[in-house]
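Encoded as structure tokens, the structure appears first; notes follow it.
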Amino acid sequence: QLPLLTRQEVKQLENLLQKQIKKAKNRNERLELVEKVQKQREEVRLAEIQKKEEEKRKMEEIKNSRTYLEVMKTKPIVNPIEKNRKIFVGKIKFNDINDKEYLVIRRKKTFSDILSHFGPICEFRYHWDRQFIFVIYESEVSASNALKFLSSFDNRKSIIEEFKFCSKSAPSPIFYVRRPSS
């Protein structure tokens, strides 16, 4: 049996055979060469199908293995470095201003400014489309201060007043903060 060729090698072989077909002296030689090309194409196609089926079978074995199931049932690993420095901010709404992109940008900036007010921030993990963000502060104290202050509706209302650029772009105080669940 011929060794299995890659697509590129088959293409090179086809080009070579096409040249030979043009040079072939009679019709029978041409037909033989054309059949070789078609046979090689079919072998490559079947080998690809076989390879995909094998990969699928292996994935099923892995998914059904005990260790895979145990791993999938365990809780996600929490980065111990950011454990007490990370807060979750949820229920961030934009539906009242979605048609005005400049107001959406301004509201996002206002949220960033409000959260930065409590201390230096290492990282924002934005999930605006899902209406929440994670904020990772440089210190646990900053995260605790933000969490304590923003837990109160009245405090959220007052800080929004302090930071708002205009009344249309100001975020609603209905957002909430908490420690991430894991």
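All residue numbers in this chain count up from 1 along the given sequence.
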For this session: Start with the C-alpha gap between E42 and R45, add the side-chain angles, then the distance that decides, and say whether salt bridge (charged side-chain N to carboxylate O under 4.0 Å, His left out) holds.
Result: CA-CA 5 Å; E42 185 62 19; R45 190 183 71 75; 2.7 Å; yes
Problem set entry | side chain to side chain contact (heavy atoms under 4.5 Å, CB included) partners of S112, counting only residues at least two apart | F124, Y126
Exercise. Does E161 have any side chain to side chain contact (heavy atoms under 4.5 Å, CB included) partners at least two apart in sequence or in another chain, and if so, which?
Worked result: K164
Reported [atom1]-to-[atom2] distance for the pair [X] and [Y], which is rounded to 0.5 angstrom:
X    : Y    : atom1 : atom2 : answer
R178 : S151 : CZ    : OG    : 11.5 Å
I114 : H117 : CD1   : NE2   : 9.5 Å
N155 : K148 : CG    : NZ    : 12.5 Å

Holding to salt bridge (charged side-chain N to carboxylate O under 4.0 Å, His left out), I want the full list of residues that pass it with [X], two or more places apart in sequence or in another chain.
X    : result
E162 : none
E140 : none
K93  : none
E35  : none

Would you check if [X] and [Y] make a side-chain contact, meaning some heavy-atom pair closer than 4.5 Å?
X    : Y    : value
V89  : Y176 : no
K51  : E48  : no
K108 : W128 : yes
I92  : P171 : no
L150 : I159 : yes
E101 : I105 : yes

Problem set entry | Geometric cation-pi criterion K91 and F175, 6.0 Å radius, 45° cone | no
Exercise. CD of E138: more than 12 outside heavy atoms within 6.0 angstrom?
Worked result: yes
Closest non-hydrogen atom pair, [X] against [Y]:
X    : Y    : result
R179 : A143 : NH1-CB, 4.0 Å
I121 : I136 : CG2-O, 3.4 Å
I87  : A146 : CD1-CB, 4.1 Å
S142 : P120 : OG-CD, 4.2 Å

Does one hydrophobic cluster hold both [X] and [Y], with members joined at side-chain heavy-atom distances below 4.5 Å?
X    : Y    : answer
V177 : F149 : yes
I133 : V104 : yes
L147 : L115 : yes

For this session: May I ask you to check whether F118 and Y137 place their ring centers less than 6.0 Å from one another?
Result: no
Problem set entry | From CA spacing to verdict: salt bridge (charged side-chain N to carboxylate O under 4.0 Å, His left out), K52, E54 | CA-CA 5 Å; K52 285 180 184 175; E54 181 66 21; over 6 Å; no
Problem set entry | Stepwise side-chain hydrogen bond (donor to acceptor under 3.5 Å, both in side chains) test for S144 and R85 | CA-CA 8 Å; S144 294; R85 299 181 306 126; over 6 Å; no
For this session: Kindly indicate, with the supporting measurements, whether the criterion side chain to side chain contact (heavy atoms under 4.5 Å, CB included) is fulfilled by R125 and K86.
Result: CA-CA 10 Å; R125 293 185 189 150; K86 184 176 181 181; 3.3 Å; yes
